[in-house]
S.K.: 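The structure is given below, and queries will be raised subsequently.
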Amino acid sequence: MDKVCPTIEEAIADIEDGMAVMIGGFGGSGAPIELIHALVDRYKKTGSPGSLTVINNNAGNGKIGIAAMIDAGMVAKMVCSFPRSSDPRAFTDRYLAGKIGLELVPQGTLAERIRAGGAGIPAFYTPSTYGTQLSEGKPIAEFDGRHYVQERWLKADVALIKAELADRRGNLTYRKAARNFSPLMATAAKVTIVQARKVVEPGGIEPEHVITPGIFVNRIVEVADAKQEEALLREGADT
Amino acid sequence: MDKVCPTIEEAIADIEDGMAVMIGGFGGSGAPIELIHALVDRYKKTGSPGSLTVINNNAGNGKIGIAAMIDAGMVAKMVCSFPRSSDPRAFTDRYLAGKIGLELVPQGTLAERIRAGGAGIPAFYTPSTYGTQLSEGKPIAEFDGRHYVQERWLKADVALIKAELADRRGNLTYRKAARNFSPLMATAAKVTIVQARKVVEPGGIEPEHVITPGIFVNRIVEVADAKQEEALLREGADT
Amino acid sequence: MTAKLTNAQIAWRAAQDLPDGYVNLGIGFPEMIAKFKPEGRDVIYHTENGVLDFGESPPAGEEDWDLINAGKKAITLNPGAAFFHHADSFAMVRGGHLDVAVLGAYEVAENGDLANWSTGPGSVPAVGGAMDLVHGAKQIWVVTDHVTKKGEPKLLKECRLPLTGVGCVTTVYTSLAVIDIVDKRFVLREKLPSISLDELQAVTGADLVANKVGDLIVPEL
Amino acid sequence: MTAKLTNAQIAWRAAQDLPDGYVNLGIGFPEMIAKFKPEGRDVIYHTENGVLDFGESPPAGEEDWDLINAGKKAITLNPGAAFFHHADSFAMVRGGHLDVAVLGAYEVAENGDLANWSTGPGSVPAVGGAMDLVHGAKQIWVVTDHVTKKGEPKLLKECRLPLTGVGCVTTVYTSLAVIDIVDKRFVLREKLPSISLDELQAVTGADLVANKVGDLIVPEL
């Protein structure tokens with residue numbers, strides 16, 4: 001069960017029009033820039049995959065990463081908690097023009113819905129959004145005298161995530177706060193595709209230090225010198 | 001915020017009659033034997049704490065650990081998934097005589113209910129137990145054409161758990177499969193009391209290797225040469 | 001009644017169908033399947049108490065009792081093993097990430113219902129992870145003697161004992177046959193050559209669909 | 001209108017009330033509170049994106065952009081820091097494990113309702129972690145100017161903007177006063193000595209309960 005893929009292009013080759021794609025990262029921390037840009041390149045060359053639903057905490061910044069996907073016109077809808085950033089134009093312009101959809105989900109609910117998707121929990125109750133616009137139309141229930149909102153699991157066709165180490169069987173570690181949503185997304189997608197700074201042999205990660213067990217991972221590409229989105233932005237990148 | 005307690009006796013001093021006590025471990029792996037026996041000793045000396053509800057995967061084995069609590073007569077009810085063991089007499093005899101209560105919860109539901117308790121999720125839906133005796137009286141709902149059972153969170157007054165390393169601020173690691181329920185129970189109890197093989201200074205555990213962040217831990221006692229329940233049983237222990 | 005397979009032979013037969021993938025072997029009899037995994041099959045074992053990719057039992061005297069499986073037996077780790085807590089472990093189960101889970105059974109009904117946790121009042125009930133496992137894996141296999149110790153059928157039109165799960169079993173490996181459950185019917189895939197279809201039907205509590213039936217052939221074990 | 005506190009002074013005042021414990025400082029203005037933590041106060045900061053016990057910003061040029069807070073600013077780690085994923089992070093929030101969360105506000109109502117995420121149609125809404133934070137911490141503080149840029153009250157009988165949370169705010173630190181919310185009333189704890197109670201009431205959109213009112217005194221900052 002060697003999950004290492006020789007090229008990024010091969011790893012993302014079967015992502016199709018209309019799919020739901022979870023993308024790891026919180027702002028630039030943990031954003032799998034190389035996977036994303038391989039997908040953008042494929043779209044620019046072939047016109048596919050388009051009409052994607054992208055699930056991420058944010059909605060892109062500047063002209064790289066998710067913003068590049070939006071700019072390329074391949075994103076039909078964002079599911080996120082915070083579509084603001086230091087340079088949110090790619091999303092904002094399209095959103096205000098009615099050209100891209102938005103499902104706004106509180107950050108903790110977004111995380112929990114993704115976890116529920118991976119854990120086979122179709123719905124759960126949370127206090128978050130009770131009494132606000134964001135709970136309109138959702139079932140409300142009272143437990144122990146307090147009101148809660150029913151939320152549904154969130155799953156995806158594909159997850160694109162960035163890891164620090166990956167062993168060939170898919171066990172992963174993450175670097176610092178770049179962990180964020182990625183371990184959850186890995187569990188909630190039909191196919192989880194990982195770019196790892198370094199691929200090691202099985203046993204190369206201490207069993208007690210594994211954050212994502214290999215059962216949640218389908219494909220791994222080694223990207224030794226991955227770019228960091230925030231660092232790129234600060235260098236003024238506009239690729 | 002130094003959470004280290006000088007003695008086990010002090011760490012468990014405020015556990016009261018009638019409390020719900022989560023106890024980490026799966027069989028003997030991860031069972032906090034020294035914490036448990038300090039509690040049994042206190043009960044034998046003072047008659048308190050009695051009438052406890054104990055939450056653990058099992059219901060004791062032989063005459064040590066949870067079995068010793070049951071034998072001492074301080075447990076009113078067990079919440080567990082598997083009250084069988086190689087020597088389950090402490091529980092079985094009392095159960096069949098109607099002298100101890102049992103709430104039987106499937107293992108995955110038990111884990112998820114405890115996690116929900118710690119995560120502020122009052123209820124969730126699971127496919128487990130649908131169509132069985134164990135879902136009788138529970139709300140059923142259909143999602144995407146499949147039936148699910150509503151389960152409630154599970155919380156406790158106290159959690160007693162065993163860790164490998166603890167730093168003074170409460171960050172924990174666990175040894176091998178002794179991890180099991182302990183990280184969940186640490187989140188779901190009002191007071192989490194930990195026996196750790198070794199207490200280290202803050203920074204002594206790599207931030208990426210922390211399994212239980214200190215926010216979930218209240219008190220730590222160092223027990224350098226902790227006993228292993230299964231090993232004790234195989235030596236024929238009956239204390 | 002003719003010869004029947006031993007438990008080891010039933011386990012051997014089930015092992016031949018193991019896919020490359022993630023498998024949970026229930027405590028007790030199903031654990032025996034690991035011993036007969038065909039050479040080269042890339043099976044990664046999951047155990048409910050939080051270990052993925054564990055290996056064989058250690059030699060007696062070398063057990064580490066913090067390193068056990070759901071049956072509380074000592075195990076070892078393969079390179080690439082991982083530890084995780086119980087909620088993550090059952091996320092793997094309930095979330096559908098396992099390819100196969102294998103369980104024992106008191107009774108299996110032709111619609112796939114399984115009873116394996118309670119023999120009714122008067123005993124201590126114990127459910128463990130079974131009620132989660134039956135809802136998680138892509139395939140749910142049962143290994144069992146074909147009949148009870150008294151010779152009564154264990155494969156029935158409807159279960160009589162309290163259910164573990166509804167419509168969950170996909171294949172039953174018994175001491176006499178291999179039976180798939182398809183569209184709420186027992187579809188006979190293989191039977192011992194030494195037993196006739198009528199004889200097999202006589203010890204089975206629901207109709208067997210027998211269109212293409214192979215020979216159930218296992219080595220001496 | 002008399003003098004009012006600067007944002008730094010509001011942050012300083014809030015910081016004096018920090019307990020020994022676990023605190024989440026909302027992105028933007030609330031983050032400033034950390035700078036004014038009193039000596040010896042043992043405060044451990046939580047950030048939604050999965051870090052506990054982080055320290056000050058690194059010097060310019062030494063940022064590691066994988067190590068950021070919820071406001072996407074570079075941070076450093078204190079000894080005893082821990083990383084965790086987003087679901088665990090919000091388990092800390094929603095599960096009631098934080099002692100204090102501090103947020104900014106567009107409006108606060110006397111019953112504790114908070115509006116801080118949307119100015120209504122025509123803009124891009126963004127909610128982040130606020131709707132979870134208001135339900136998790138034992139105390140929810142707000143730091144804010146006492147009035148809008150146009151001089152209108154931000155403390156109201158009822159919020160007009162879309163709510164972030166219902167009945168959640170426990171204390172409001174403003175540019176003019178410290179106000180606790182008790183039994184759905186604004187209870188004035190401190191006000192600037194230079195402003196009269198009538199003047200303060202005039203710029204507050206709901207009745208102030210003023211039984212024991214202290215002086216709000218802060219250093220030059």
Side-chain angles (χ1 to χ4, degrees), chain B residues 1-4 22 111-124 153-157 159 163 165-174 179 182-192 196 199-218 220, chain D residues 18-25 37-38 40-55 64 66-69 75-101 129 131-138 140 165 168:
Chain B
M1 227 168 300
D2 186 340
K3 297 176 178 178
V4 177
M22 290 178 174
E112 191 67 14
R113 287 179 62 195
I114 297 169
R115 181 192 174 275
I121 302 291
F124 60 89
W153 61 15
L154 190 58
K155 300 192 189 198
D157 297 294
L165 299 182
D167 76 20
R168 291 184 172 276
R169 289 169 98 78
N171 293 302
L172 307 180
T173 67
Y174 300 90
R179 186 181 304 186
S182 298
L184 307 169
M185 291 177 170
T187 72
K190 285 192 203 106
V191 177
T192 293
V199 172
V200 299
E201 295 305 312
I205 303 174
E206 191 65 33
E208 280 161 2
H209 299 166
V210 169
I211 302 301
T212 291
I215 193 170
F216 297 124
V217 170
N218 299 86
I220 303 158
Chain D
L18 285 171
D20 287 351
Y22 295 91
V23 173
N24 182 296
L25 301 177
K37 179 179 77 64
R41 209 69 62 85
D42 197 355
V43 180
I44 294 180
Y45 295 108
H46 167 268
T47 182
E48 295 96 299
N49 56 312
V51 191
L52 202 60
D53 213 351
F54 60 94
D64 176 342
D66 285 346
L67 183 56
I68 58 175
N69 66 10
I75 55 174
T76 56
L77 298 180
N78 293 328
F83 294 113
F84 34 87
H85 62 51
H86 252 86
D88 282 349
S89 184
F90 280 89
M92 294 176 191
V93 173
R94 214 190 296 101
H97 303 282
L98 296 176
D99 293 291
V100 177
M131 285 200 189
D132 307 285
L133 283 164
V134 296
H135 289 290
K138 296 182 186 76
I140 306 293
C168 52

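Protein chains get the first letters and strands the later ones, always in sequence-line order, with residue 1 at the start of each.
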S.K.: As an exercise, state the distance from CG of D88(D) to CZ of F216(B), rounded to the nearest 0.5 Å.
M.R.: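 These two atoms lie 6.5 Å from each other.
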S.K.: For the interface with chain D, which of A116(B), G214(B), G117(B), G118(B) has the highest count of heavy-atom pairs at distances below 4.5 Å?
M.R.: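 Option with the top pair count is G118(B).
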S.K.: To the nearest 0.5 angstrom, please state how far the CZ atom of R169(B) sits from the CG atom of L52(D).
M.R.: 9.0 Å
S.K.: Just checking heavy atoms, which of residues 203-213 of chain B are less than 4.5 Å from chain D?
M.R.: G203(B), P207(B), E208(B), V210(B), P213(B)
S.K.: Please flag which part of D132(D) lies under 4.5 Å from any non-hydrogen atom of chain B: side chain, backbone, both or neither.
M.R.: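 Neither part, no heavy atoms under 4.5 Å.
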S.K.: Can you list everything that forms a salt bridge (Lys or Arg N to Asp or Glu O under 4.0 Å) with R113(B)? Sequence neighbours excluded, please.
M.R.: E103(B)
S.K.: If I compare all heavy atoms of R115(B) with all of A87(D), which pair ends up nearest, and what's the gap?
M.R.: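 What the structure gives for the nearest pair is NH2-CB, 3.9 Å.
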S.K.: Among L98(D), D53(D), N78(D), V93(D), who wins on heavy-atom pairs under 4.5 Å with chain B?
M.R.: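 Sorted descending by pairs with chain B, the first entry is D53(D).
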